[in-house]
Asks: 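Please read through the structure below; I'll follow up with questions.
When reading the values below, keep in mind they use all heavy atoms of this one structure, side chains included, and skip hydrogens, waters and symmetry mates. Positions are given from 1, in the same order as the sequence printed here.
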Amino acid sequence: MADSSHPPDGTVSPQHRNNEALASHNDDDDNHDNDRFFFLGSELREFRHNPCLMRPVSLVMIVIFGAFTMITLLLQVPALVLGLVLSPILQRSSWYVEFLYPLPVGRWAHFFLMGLSSKMKLKAMDKNRGFHSRTLEQRYEVVKDRVYIHPLPQWIDNVGYLIVCLPEPMTTSTQNSTIRVEDRKDPILALLIDCGETDAVVRAVEMIQEFHYGNKSIQLQSILSTHKHHDHTGANEELLAHDMGKTIRHIFGGAVERVPGCTDPLADGDVVDLPKCEGNDMNELVEIEVICVPAHTRGSVVYRLKSKSEEHPVDYMFTGDTIFSGGGGVSFEADSGIDSEKKLAKSNGNTFIRGTSQSMAMDRCFSEVLARSMPEDRSADALDRILIFPGHDYTQELLSRQFQGMGGEASKWKNFPPGDFFETASHLYLSIHRKSLPHNSGRLLMVPSSLSREIRINTQFRSLRRSAELVVRAIEFWHDKFCKHKVDEATLMNGFEDSTIKSQHRMGVKTPSQSKKWNLNATIVNKKVFTTVYTEDLENLVNALSNGDISKAEALEQIQLLDDKLDQPVVNKRAIPGFLPSDKNIYRGICGLTILGSKPAALTISDSRRLNMPPPVDANSDKILVSEQRLIRVLGRLGMLRTLDGNDVSAMIRRLWEEANEYCSPRRDDNDGDEERAHWHDELEIGMLKWIMYGVSANQPSWFSKMFCMPCSNHPGSSLVFPDHLASKMNQKSGDLVSHDILACYLCRNVTGYEGKFETRSSTSRIGFETRPSYSNHVVLNAETVSDESLQGGIDPPAGTAGESRPAFLQETAN
């Protein structure tokens with residue numbers, strides 16, 4: 001295949017050709033406009049997040065809203081007119097939370113309402129002991145006999161956490177028995193994560209030290225705040241004035257958060273100084289790393305607690321209001337606006353990517369947690385050993401919304417395997433049960449949760465999986481059509497070697513639980529209550545066992561794989577071969593690369609300096625940097641390192657980065673390949689990637705061109721693909737090829753009554769790094785697929801595709 005970047009005569013260098021391509025539609029005026037717009041955008045961002053300016057603006061907005069409401073009631077102004085006037089104000093309702101909520105009146109109102117609700121809900125002193133959930137007996141073992149995590153229920157549904165470090169165990173010289181905790185000479189050290197209610201925290205800590213540690217005093221030394229909201233920080237300063245808080249030396253919080261009483265502002269990547277005394281140092285056992293996730297608030301952080309022992313590695317992620325079990329927090333302080341279907345339909349490869357908009361900002365934060373948790377561990381069970389400790393137990397509400405159609409694209413169950421649906425439904429039933437227990441049992445928490453479970457039941461993680469599918473499809477398309485040096489077949493089929501490595505780390509033997517003292521760890525958190533399988537598979541296995549057709553060893557292997565079948569999609573989709581993706585799908589693929597492969601950006605330039613994060617992009621989103629290693633890591637966490645044909649995606653990504661780096665810096669003949677590769681970049685601009693993958697040049701029009709220059713701002717029918725790229729010779733087509741085998745589908749088979757023989761072929765699991773064989777059955781004869789588009793005239797598969805020689809009713813159809 002010819003190289004699209006080199007001319008036939010070879011008289012022009014590739015670098016020169018690249019410069020011509022990228023600058024083909026830019027002139028000096030547009031560059032001047034972009035520079036001026038970038039400066040103006042940066043200034044507006046500083047004003048947008050300046051409380052001194054925005055508080056009066058927000059107050060004025062409320063006054064305007066109230067005034068127009070009164071006018072409407074008095075004069076009966078038509079609702080349409082009122083909607084047009086108030087629409088800009090209502091779309092920016094998050095400003096009230098950002099600028100008015102932090103004021104003293106906002107704190108008072110929030111505490112008054114939560115206190116009132118708490119008194120109404122928690123009247124009975126049952127096994128909950130006056131809290132919203134029963135947690136006193138629980139503790140999570142981080143380091144055996146040394147470090148433990150205790151949940152602290154606060155307000156209505158808030159959950160804080162107490163992390164204690166016990167003194168080193170000692171043994172008696174006479175009986176060689178371990179001395180009890182209460183008899184050890186060194187104190188128990190502790191830190192708090194999110195302290196929102198003084199009375200609840202003090203009472204819970206007193207109960208914990210009496211119940212678990214023989215009434216030995218717990219010495220609090222630090223408070224770690226995930227973000228600034230009152231229900232998470234309202235007791236910081238009050239606790240300092242309490243007797244229990246006299247030993248607190250540090251209050252940590254995001255550098256731009258204005259956390260009450262903050263003594264140690266934190267930036268991305270910082271390591272927290274943990275409690276210590278002469279004979280007891282928590283820093284020797286564990287480490288807490290700071291991960292900045294600006295979306296819910298400007299300076300929200302996730303605390304990653306990890307043990308320094310390599311024997312039993314587990315990550316404990318304290319996510320505040322960023323990640324909940326079953327969903328994510330509201331992006332109150334991200335840029336307003338969402339990508340509607342109408343906007344998406346008009347998008348193309350040069351559409352500006354708003355990386356700090358509400359939906360994309362939160363997606364990038366979730367991707368950041370995936371990338372930063374256990375970054376070096378690519379074993380099959382890594383996701384089971386990453387536990388999520390959120391700041392609220394919203395599980396029942398968030399899961400219920402998914403079955404009420406309130407989860408958006410991520411709740412369209414037809415787009416996901418049946419296993420996701422049944423796992424979510426099972427967890428919802430479990431949460432309903434635990435929250436409706438009688439008084440003599442007490443309500444139980446649904447948190448923490450493991451990352452392996454959240455990837456299936458959490459709408460935000462399912463949204464990331466949809467983005468990952470688009471990215472994998474785009475990379476596979478590039479490799480098939482435009483890659484100069486394709487990855488050999490053996491490498492593609494062997495796959496990502498690390499992905500099948502079984503972890504050499506075991507969870508470890510925890511301290512045994514007692515009837516009134518529950519010691520928990522990651523193994524217990526990951527235990528499933530329900531397992532869903534296909535009835536036909538179970539019946540066939542029972543019959544085979546009863547007839548003696550299979551051995552016990554074979555039966556055991558098949559039993560372990562029964563629930564894996566539900567992880568396979570019941571309808572297969574793939575890109576239409578021989579066609580360039582539509583403008584909308586090109587844009588969605590570029591957005592997917594941004595979400596999965598780039599770090600989240602701070603919300604202002606000044607925030608980026610203080611938080612040690614990339615700055616926001618206001619002028620040209622082609623400058624966003626995408627990391628090869630991060631992209632591979634996140635795709636692996638989402639279980640997307642294999643194509644539908646079983647090819648290794650990571651090998652294609654590495655080849656893409658090689659060609660992009662070589663395109664920027666052509667290799668000289670006198671240089672060794674390994675030496676040249678050492679100078680290549682892990683991070684590449686999204687503009688370069690979209691040029692290599694689609695032939696779309698970095699030509700985002702300026703704001704002036706979009707508004708006033710009609711020929712440049714909107715020209716339907718004209719191609720955005722650069723003429724010298726091979727993509728310019730391809731036609732665009734929207735939609736997907738959708739295939740479905742009615743005779744083989746477990747969900748449709750009992751409609752047909754067909755009892756023919758089935759082939760068995762292997763595919764790969766899509767959850768986690770692990771690749772496991774699937775025994776899903778496919779009939780030798782493929783049944784027809786009928787889609788809305790095919791009924792309206794359809795799209796015939798192009799010549800040369802697999803469906804060309806098959807009968808029309810058996811072909812894959814475009815959808």
Asks: Gly329 and Met362: which non-hydrogen atoms are nearest, and at how many Å?
Replies: O-CE, 3.1 Å
Asks: If you look at every heavy atom in Pro614 and Pro600, which pair is closest and at what distance?
Replies: CD-O, 3.5 Å
Asks: Where the side chain of Thr491 meets the backbone of Val487, is there a donor-acceptor pair that is under 3.5 Å apart?
Replies: no
Asks: CG/Leu644 to CD/Glu469 distance, rounded to the nearest 0.5 angstrom?
Replies: 8.5 Å
Asks: Are the side chain of Trp657 and the backbone N or O of Asp682 linked by a donor-acceptor pair below 3.5 Å?
Replies: yes
Asks: Side chains of Thr226 and Thr319: does their closest heavy-atom pair fall under 4.5 Å?
Replies: no
Asks: Verify, without hydrogens or angle tests, whether Glu257 (side chain) and His227 (backbone) share a donor-acceptor contact under 3.5 angstrom.
Replies: no
Asks: Take Glu454 and Ser449 through the side-chain hydrogen bond (donor to acceptor under 3.5 Å, both in side chains) test and state the conclusion after the steps.
Replies: CA-CA 7 Å; Glu454 289 305 311; Ser449 181; 2.7 Å; yes
Asks: I'd like to know whether Phe324 forms a side-chain contact (heavy atoms from CB on, under 4.5 Å) with Asn458, so could you lay out the CA-CA distance, the side-chain angles of the two residues, the decisive distance to 0.1 Å, and finally the verdict.
Replies: CA-CA 8 Å; Phe324 302 127; Asn458 194 304; 5.7 Å; no
Asks: Sub-3.5 Å donor-acceptor pair from the side chain of Arg465 to the main-chain atoms of Ile455, do we have one?
Replies: yes
Asks: When you compare the side chains of Asp384 and Ser450, does any donor N or O come within less than 3.5 Å of an acceptor on the partner?
Replies: no
Asks: Can you tell me how far OG of Ser598 sits from CD1 of Ile686, rounded to the nearest 0.5 angstrom?
Replies: 7.5 Å
Asks: side-chain contact (heavy atoms from CB on, under 4.5 Å), that's the test. Do Trp478 and Cys483 meet it? Break it down for me.
Replies: CA-CA 6 Å; Trp478 165 82; Cys483 180; 3.6 Å; yes
Asks: With distance as the sole test, does Lys690 use its side chain to make a donor-acceptor pair with the main-chain N or O of Gly349 at under 3.5 Å?
Replies: yes
Asks: Got a salt bridge between Lys599 and Asp268, using NZ or NE/NH1/NH2 to carboxylate O under 4.0 Å?
Replies: yes
Asks: Does Lys346, at its NZ atom, have more than 12 non-hydrogen atoms belonging to other residues, nucleotides or ligands within less than 6.0 Å?
Replies: no
Asks: Any chance you could lay out the side-chain hydrogen bond (donor to acceptor under 3.5 Å, both in side chains) test for Asp645 and Thr643, step after step, and finish with the verdict?
Replies: CA-CA 5 Å; Asp645 297 327; Thr643 66; 4.9 Å; no
Asks: Under 30°, 30 to 60°, or over 60°: which ring-plane class applies to Phe389 and Tyr316, parallel, tilted or perpendicular?
Replies: tilted
Asks: Please test Asn647 against Glu476 for side-chain hydrogen bond (donor to acceptor under 3.5 Å, both in side chains), starting from the C-alpha separation and ending with a verdict.
Replies: CA-CA 9 Å; Asn647 292 331; Glu476 187 178 22; 4.8 Å; no
Asks: Which heavy-atom pair separates Arg364 from Ile624 by the least distance, and what is that distance?
Replies: NH2-CG2, 4.4 Å
Asks: May I have the step-by-step check of side-chain hydrogen bond (donor to acceptor under 3.5 Å, both in side chains) for Thr297 and Ser300, ending in yes or no?
Replies: CA-CA 5 Å; Thr297 64; Ser300 289; 2.5 Å; yes
Asks: Is Asn661 reaching over with its side chain to a backbone N or O of His681, donor-acceptor style, under 3.5 angstrom?
Replies: yes
Asks: Determine whether Ile457 and Asp420 satisfy the following criterion, side-chain contact (heavy atoms from CB on, under 4.5 Å), listing intermediate values before the conclusion.
Replies: CA-CA 6 Å; Ile457 71 172; Asp420 292 351; over 6 Å; no
Asks: Would Gln358 and Asp335 count as having a side-chain donor-acceptor pair, cut-off 3.5 Å?
Replies: no
Asks: For the residue pair Trp691 and Tyr663, does the interplanar ring angle fall in the parallel (under 30°), tilted (30 to 60°) or perpendicular (over 60°) class?
Replies: tilted
Asks: Starting from the C-alpha separation in whole Å, work towards a yes-or-no answer on side-chain contact (heavy atoms from CB on, under 4.5 Å) for Val286 and Leu274.
Replies: CA-CA 9 Å; Val286 296; Leu274 302 178; 3.7 Å; yes
Asks: Is any side-chain heavy atom of Ile291 closer than 4.5 Å to one of Met317?
Replies: yes
Asks: Closest heavy-atom contact between Lys412 and Phe416?
Replies: O-CD1, 3.4 Å
Asks: If only atom types and distance count, is the side chain of Arg304 paired as donor or acceptor with the main-chain N or O of Val290 below 3.5 Å?
Replies: no
Asks: Any non-hydrogen side-chain atom of Leu684 less than 4.5 Å from a side-chain atom of Leu625?
Replies: no
Asks: Ala255: what forms a side chain to side chain contact (heavy atoms under 4.5 Å, CB included) with it, not counting sequence neighbours?
Replies: Pro265, Arg610, Leu611
Asks: A side-chain contact here means heavy atoms from C-beta on lying under 4.5 Å apart; do Arg637 and Ser373 qualify?
Replies: yes
Asks: Hey, is Glu658 close enough to Lys484 for a salt bridge, meaning N to O under 4.0 Å?
Replies: no
Asks: Do Leu656 and Met693 have side chains that get closer than 4.5 Å, going by heavy atoms?
Replies: yes
Asks: Whether Arg630 and Glu683 form a salt bridge (side-chain N of Lys/Arg under 4.0 Å from carboxylate O of Asp/Glu) is what I want to check.
Replies: no
Asks: With a 4.5 Å limit on heavy-atom distance, are the side chains of Ile388 and Arg453 in contact?
Replies: no
Asks: With no hydrogens and no angle check, is any side-chain donor or acceptor of Thr604 less than 3.5 Å from a backbone partner on Asp607?
Replies: yes
Asks: Main chain of Gly254, side chain of Arg298: is a donor-acceptor contact present, judged purely on distance under 3.5 Å?
Replies: no
Asks: Does a side-chain heavy-atom distance below 4.5 Å link Ile288 with Tyr303?
Replies: yes
Asks: Applying side-chain contact (heavy atoms from CB on, under 4.5 Å) between Ser367 and each of Val293, Thr594, Leu631, Val634, report the one that passes.
Replies: Val634
Asks: Go through the structure and list residues passing side chain to side chain contact (heavy atoms under 4.5 Å, CB included) with Thr459, not counting sequence neighbours.
Replies: Gln402, Ala410, Ser411, Arg462
Asks: Give the intermediate values and the outcome of salt bridge (charged side-chain N to carboxylate O under 4.0 Å, His left out) for residues Arg466 and Glu409.
Replies: CA-CA 9 Å; Arg466 293 286 289 171; Glu409 185 72 19; 3.5 Å; yes
Asks: Who are the ring pair (Phe, Tyr, Trp, His ring centres under 6.0 Å) partners of Phe477, not counting sequence neighbours?
Replies: Phe482
Asks: Verify the distance criterion only: is there a donor paired with an acceptor across the side chains of Asp381 and Ser379 at less than 3.5 Å?
Replies: yes
Asks: Could you tell me whether the side chain of Phe352 reaches within less than 4.5 Å of the side chain of Asn620, counting heavy atoms only?
Replies: no
Asks: If you compare all heavy atoms of Ala334 against all heavy atoms of Ala361, which two are closest, and at what distance to 0.1 Å?
Replies: CB-CB, 4.0 Å
Asks: Give the C-alpha distance, both sets of side-chain angles, the deciding distance and a yes or no for salt bridge (charged side-chain N to carboxylate O under 4.0 Å, His left out) between Glu333 and Lys228.
Replies: CA-CA 12 Å; Glu333 301 190 12; Lys228 64 190 176 187; 3.0 Å; yes
Asks: Please confirm whether the backbone N or O of Thr351 pairs with a side-chain atom of Ser347, one donor and one acceptor, at under 3.5 Å?
Replies: no
Asks: Locate the shortest heavy-atom distance separating Ile353 from Ile590; write the atom from each residue and the value.
Replies: CD1-CG2, 3.3 Å
